[in-house]
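Here is how names work: the chains are called A, B, and so on, in the same order as the sequence lines, proteins then strands, and each is numbered from 1. Side chains included, hydrogens not; waters and symmetry mates left out as well; all remaining heavy atoms used.
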2 protein chains.
Amino acid sequence: MSSDRTRSAILAAAEKLYADRGFGDVTLRDIVAEANVNLAAVNYHFGSKDELIAELFVTRSLATNRERLNELKVAEEKGGGRAPIDAILHALVGPTLRGCLGPDREGSTAARFMIRASIESVPPIRRIKNREVDHLRKFIAAMRRAMPDSDDADLYWGLHFALAMSHHTIREKERLIRLSEGKCDLNDVDAIVDRVVAVSVLALTGGEAPAKKPPVRSAMPQGRLTRQDL
Amino acid sequence: MSSDRTRSAILAAAEKLYADRGFGDVTLRDIVAEANVNLAAVNYHFGSKDELIAELFVTRSLATNRERLNELKVAEEKGGGRAPIDAILHALVGPTLRGCLGPDREGSTAARFMIRASIESVPPIRRIKNREVDHLRKFIAAMRRAMPDSDDADLYWGLHFALAMSHHTIREKERLIRLSEGKCDLNDVDAIVDRVVAVSVLALTGGEAPAKKPPVRSAMPQGRLTRQDL
DNA sequence: TTGCAATTCAAACAGTTGTATGAAACTATC
DNA sequence: GATAGTTTCATACAACTGTTTGAATTGCAA
C-alpha cells in the first residue's frame, strides 16, 4: 500500500498548515502543495475537506481522552476505587495543558493544531466536541464518589470551571503573556496544572479543606450565593 | 440624511444574521437581502465586510467596557478610592455575563451576537480584542490597590481565571446545560456572577478570608498540591 | 428650476473554493 | 506478462465570494 504514504503526507501537511495559519485561510490547494500530492488525492482518501479535518481532530482528542482516563484510573486504583478530588481534576486538565503548553511542546505541530482547534471553531470540529459529553460524565461520576455530600450542580460547576481555566489558558496564552508582561510563566506547565487544580478544588470545597465536612463562613459572596451553593 | 436608514438597516440585519447563523456562513448577499438594500451599499457605507463586522463588535464591546468601568468607579468611590477585591471582580465579569446570559436576554440579538463573537474567532474581531489589554490593566491596577501584598503574577492569574470562567460559561452554556441535565441554572445570572466572583476571590486569596492580611505565600502552589495549600 | 453632491442600483468582475471526471500509471496476483 | 484493482494525475466544473463600476436616482441648496 503505497497509498499510505500519500494519506499521511496529507495529514501531516494539513496539520502543519492549520496549526500555523488557522483553518480560515488554508485551502486544499495549499495542503496538497505542501504534501506534494495531487489535489484530487484529498477527496479520494478522505472524502471531503471536512472529513480530513475531523480525522485530524479525532485522532488528537482521542489520545488526550485516553490519557485522561488512564490518569484517572491510576488515581482511583491508588485510592482503592475512590480518587481524591485533586487527583481527579489533575487527570482532567493535566493532559490537555501538558499537550498544548510548555517550551518543548512549543514546536509540536500537534499541540499547535489543538490550540487552533480550540481558538477557531469550525463545523466539523464542533460536531465532534458535542459528543464529548459522555467522556466528561465519567469525571463527574468520579467526583461524586470523591465528594458524596456535594450537590450535583456544584460538581458540574466545578468541572466546568476547571475546563474553563485550562482551555482559556490555552486560548489566551499570548494575551496573558502580553498583559502580564512576562510575569506569568507559561512555560512551567506543571505549575500551571497545579494552579488550575488548586483553584478548582477551592471552587468545589469553598475554601475548606476537602477532607473536612462543610461550611463555615466566607470568603464568599454577600449576595445570594450561600455557603452550600459551593 | 436618508442614508442613515440604509446604514442601520445593514447593521441590524448583519447583527441578526451573524447572531443566528455565525460568521462562517452569512454572506453579504444574505445581509443585504435581509436589510432590503443593495449589495453595493455595504461597501459604500462601511468600506468592506470586515469593517462592518468590526463596527458591530466595537459598538457592543465599548458598551460593555463602559459598564465595567462605571461599576468599578462606583465601587472605588464607595471604598474611598480602594474597592474590595470582590467588588472589582464583580465589575469585571458582571457586565459581560449579564449581557450574554439570562432569560430576558435570551432573545436579544445583541447578546446572541456577542456570544457568536466569543465562539467563532474571526480576524477583524480578533484584532480588536488584542487591543483590550489596556482596558484590563485598569482592573489589574485596582486589584493591586485592593491586595497590595499580592504578587503581581497572582493578580494576573486571578484576573485571567475570572475571565476564563465567565467567557467559558458564555461559550459553553449549551454544553453545560446538557451535561448537567438542567441541574445548573443558567437563567439566574446574578447567582452565576456571584459564583464566578467567589471562585475568583478564592483563587486570589488562596482560601484565606480576603480581609485578612497576607497571603501565606504566593497563594498558589509551586510543586504538587499539598494539603496546606488548601 | 438648476446644479451639485450624496446615495442607490443592476450588473459585471476577478478570484477562489471544494469537488468531480476520466484517462493514465502503478501494484500485485495469477 | 496479462489482468484486475488501486491509486495518481491534469483538468474542468460549477458555485460562490467580496468588491468595483458607472449610470440612474434622490435630496438639498442656491
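Comparing D:dT20, C:dG18, D:dA10 by their closest approach to the side chain of B:Ala40 singles out D:dT20. The nucleotide whose nearest atom lies closest to any side-chain atom of A:Leu39 is, among D:dG18, D:dT20, D:dT11, D:dT11. Nearest to the side-chain atoms of B:Asn38 among the listed nucleotides C:dA10, C:dT19, D:dT8 stands C:dA10. Of the candidate nucleotides C:dT8, D:dT17, C:dT19, C:dT19 has the atom nearest to the side chain of A:Arg29. The side chain of A:Thr27 approaches C:dT16 more closely than any other nucleotide in the set D:dC16, C:dT16, D:dT8.
Under 4.0 angstrom from either OP1 or OP2 of D:dT6 there lies no side-chain N or O belonging to A:His45. Put simply, B:Thr6 has a side-chain N or O that comes within less than 4.0 Å of OP1 or OP2 on C:dT8.
B:Ile53 places its CD1 atom 10 Å from the P atom of D:dT19, with the value rounded to the nearest Å. Separating the OH atom of B:Tyr44 from the C1' atom of D:dT21 is a distance of 14 Å, rounded to the nearest angstrom. Per the geometry, CG belonging to B:Asn36 stands 14 Å off C1' belonging to C:dC9, to the nearest Å. Between B:Asp30 atom CG and D:dC16 atom P there is a gap of 11 Å when expressed in whole angstrom units. The nearest whole Å value for the distance from the CZ atom in B:Phe46 to the C1' atom in D:dG18 is 15 Å. In this structure, the CZ atom of A:Arg7 is 16 Å from the C1' atom of D:dT8, given to the nearest Å. Taking atom CD1 of residue A:Ile31 and atom P of nucleotide C:dG18, one finds them 8 Å apart after rounding to whole Å. Taking atom CG of residue A:Leu28 and atom P of nucleotide D:dA15, one finds them 19 Å apart after rounding to whole Å.
Looking only at atom types and distance, the side chain of A:His160 has no donor-acceptor partner in the side chain of B:Glu172 under 3.5 Å away.
The structure places CG of A:Asp185 at 7.0 Å from CD1 of A:Ile192, a figure rounded to the nearest 0.5 Å.
In this structure, A:Tyr156 has its ring center at least 6.0 angstrom away from the ring center of A:Phe139.
Taking the charged nitrogens against the carboxylate oxygens, B:Asp154 and A:Arg195 do have a contact shorter than 4.0 Å, which makes a salt bridge.
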Practice item. Walk me through it: do A:Arg171 and A:Ser118 pass the test side-chain hydrogen bond (donor to acceptor under 3.5 Å, both in side chains)? Key: CA-CA 7 Å; A:Arg171 273 171 69 89; A:Ser118 134; 4.9 Å; no
